[in-house]
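What follows is a single structure, written as C-alpha cells, with notes after it.
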There are 2 protein chains.
Amino acid sequence: MNSLARIDWIAKVPGLDRLDGEARALIATRTPLVQVPKGGHAFAAGTECSSYLVVVTGCVRVQLIAENGREIVLYRVRSGESCVLTTSCLMTRAPYGAEAIAEDDVVAAALPGETFRALLASSATFRDFVLAAYADRVADLILTMEDAVFHRIDRRLARLLLARSMAAVTATHQELAAELGSAREVVSRQLKSFEKQGLVVLSRGRIDIVDRARLVRLADEAD
Amino acid sequence: MNSLARIDWIAKVPGLDRLDGEARALIATRTPLVQVPKGGHAFAAGTECSSYLVVVTGCVRVQLIAENGREIVLYRVRSGESCVLTTSCLMTRAPYGAEAIAEDDVVAAALPGETFRALLASSATFRDFVLAAYADRVADLILTMEDAVFHRIDRRLARLLLARSMAAVTATHQELAAELGSAREVVSRQLKSFEKQGLVVLSRGRIDIVDRARLVRLADEAD
DNA sequence: GGCCGTTTGTGACAAGGTCACCGACGCTGC
DNA sequence: GCAGCGTCGGTGACCTTGTCACAAACGGCC
C-alpha cells in the first residue's frame, strides 16, 4: 500500500484527475487506500463505514438480496466512481438489504469523514465530483428499476448477453438470473429457447453467441 | 407570491429551518417561489430545469411510465424535501421516463444554479441538507425497488391500503395499480379476494377496511 | 328516463416464479 | 480407469402475475 500511495494514483483515476491541486493534495495526504480481495464485501457489517469510498482500481457490484435468496444487481462501481450507497447508508441508518461485492481485487480510497467534509467546504471541483457521482447512481438505479419492472425477461437476457460478450459469455445460469433479479429456471428455459432459435450454443458455464445480429434485433424490439 | 415571500416561509420548512442565518438570507433574497397547480408536471418539458427545487408546501409524486402505459410510483417529495431527480436529470442528460406530478397545489423554492453553487460553497448546513436529501431519495428508491422486485402483490397491496387509510381508502383500482407498478385487473382480483376474506368492503372509488388487524397480519407475513 | 364516460368484473391465455427432483458434467482421490 | 461428490443444467407441475377482449355496473348530466 505504501508503494501504491507513493505514486500519484490520483492522476490515473477518472474524475479525480479533474480535481484542483489543493483537493488532490489533501486527498493524497489524508486518505488511506484500502484493499478488498475479489469476492469480499466492500461495505458489509464490520467495515468502517464512516468514510466516503472512491474506487481506484477494480469493480464493485452492488446488489439487493431477498430473504428467499433471489438477487438483483443494482449497478457497478468502477475506477473513479463512488459508492454513494455507503454514504446514504450512514446518513439515513436505513438497513436495506443491499450488498457491495468486489468482482476483482479492488483498491479504494477511503476519505475519512472530516476529510470529506473539509473537501466539500474548500473545493468546488470536489463538490462537482460528489454531486456527479450521486447523479450517476440515481440514474443507474432508475434505469435498472425501469428495466426490471417493465421489460420482458427475454429482451433483458438478450441485452445482458450482448453487453457481456465479444463472442461468448462465461457465466452460469444462476449468475445471469441474479444479475436480472430472476430465477435460474427461467433463465435456463429462456436460453434453451434461444438455442432452439439458433441464436446461441450452450455448454456448461458458457454461452456462445452464434447469431449476434438476430440477438440484437430481439433485444431492441419495442414493448 | 410576493405576499408569500414577505413572510418567513423558510422557518416553516422542515430541513431548511436548520440552515444557518446566512444561508437563509441568501435563499430568501435570491430564490423565487414557483407554483405548480394540482395535477401539473413539476419538471416536465418546458419547465426551467436549471434550478434546485425544494418543496415548500404540497406533495409531488415521482413515477416511472412505461411505453405501454404501466406506471410505478418511485417516491414522493413533500415539504422540505428536494427532488434530486431534477438535479440528476440535468447533470447526466439521461432521458429516463420519469415524471413528477403535483398531487396538490404545490409551492416550491427554485434555487437558481448560481445560488445553489454559492450556498454549497459557503454553508456547511446547506451541504448537509443537500446530501441528506440525496441520501433519503436513494434510500426510497432502493426500498421501492426491493418491494417491486421481490414481494408478492397481495402483501404490497395490503401495506398500501394500510398506509393510505384511517378507515377507508379513496382510490380507483387503476390508481392503486399505478402506485404498485402492477395492472388494474390484478388489483381488482386481489381486492375481490380481500373482500371474500372479509378484510375490506368495496364500493366504487372506495375501499373500506373492516378487519385492520388481519390486514396487518397479511402485510407483515414473511416472504 | 336515456346517454356517456368511468370504473369494475371476468374468462382465457401467456409469461414468469417456485418446487421437487433428476441427470449430466467435471473434478478429486484412489 | 473409475467411484464419489459437488455444481450445473433440464424438466414438469403448479401458482401468481400480466395481458387482452369485452361486458356489466355506476354516476352524472342533459
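Chain A is the first sequence line, chain B the second, and so forth, proteins listed ahead of strands; every chain is numbered from 1.
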Check step by step if salt bridge (charged side-chain N to carboxylate O under 4.0 Å, His left out) holds for Arg78(A) and Glu81(A).
CA-CA 5 Å; Arg78(A) 289 173 227 272; Glu81(A) 298 176 334; 5.1 Å; no

Using OP1 and OP2 only, check whether a side-chain N or O of Gln190(B) sits under 4.0 Å from dT17(D).
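Yes, because at least one side-chain N or O of Gln190(B) sits under 4.0 Å from OP1 or OP2 of dT17(D).
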
Report yes if at least one side-chain N or O of Ser182(A) is closer than 4.0 Å to OP1 or OP2 of dG16(C); otherwise report no.
no

Rounded to the Å, how far apart are [X] [atom1] and [N] [atom2]?
{"X": "Leu157(B)", "N": "dT17(D)", "atom1": "CG", "atom2": "C1'", "result": "13 Å"}
{"X": "Asp154(A)", "N": "dA14(C)", "atom1": "CG", "atom2": "P", "result": "15 Å"}
{"X": "His151(B)", "N": "dG17(C)", "atom1": "NE2", "atom2": "C1'", "result": "15 Å"}
{"X": "Arg152(B)", "N": "dC14(D)", "atom1": "CZ", "atom2": "P", "result": "18 Å"}
{"X": "Ile153(A)", "N": "dA14(C)", "atom1": "CD1", "atom2": "C1'", "result": "15 Å"}
{"X": "Leu218(B)", "N": "dT16(D)", "atom1": "CG", "atom2": "P", "result": "13 Å"}
{"X": "Asn68(B)", "N": "dA14(C)", "atom1": "CG", "atom2": "P", "result": "19 Å"}
{"X": "Leu176(A)", "N": "dG10(D)", "atom1": "CG", "atom2": "P", "result": "12 Å"}

Answer yes when Glu179(A) and Arg164(A) have at least one side-chain N-carboxylate O distance shorter than 4.0 Å, and no when they do not.
yes

Does this structure show an ion pair linking Arg159(A) with Asp220(A), if we count only N-O contacts that are shorter than 4.0 Å?
no

How would nucleotides 6-13 of chain C be written as a contact map, 5' to 3', with B for base contact, S for sugar-phosphate-only contact and - for no contact, using protein heavy atoms under 4.0 Å?
BBBBB-B-

Going by distance alone, is a donor N or O of one side chain under 3.5 Å from an acceptor N or O of the other, for Ser182(B) and Arg70(B)?
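Looking only at side-chain atoms, Arg70(B) and Ser182(B) do not form any donor-acceptor pair under 3.5 Å.
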
Checking Ser82(B) against Tyr52(B): is there a side-chain donor and acceptor pair closer than 3.5 Å?
yes

Neighbour count >12 (heavy atoms, 6.0 Å) for atom CZ, Arg61(A)
yes

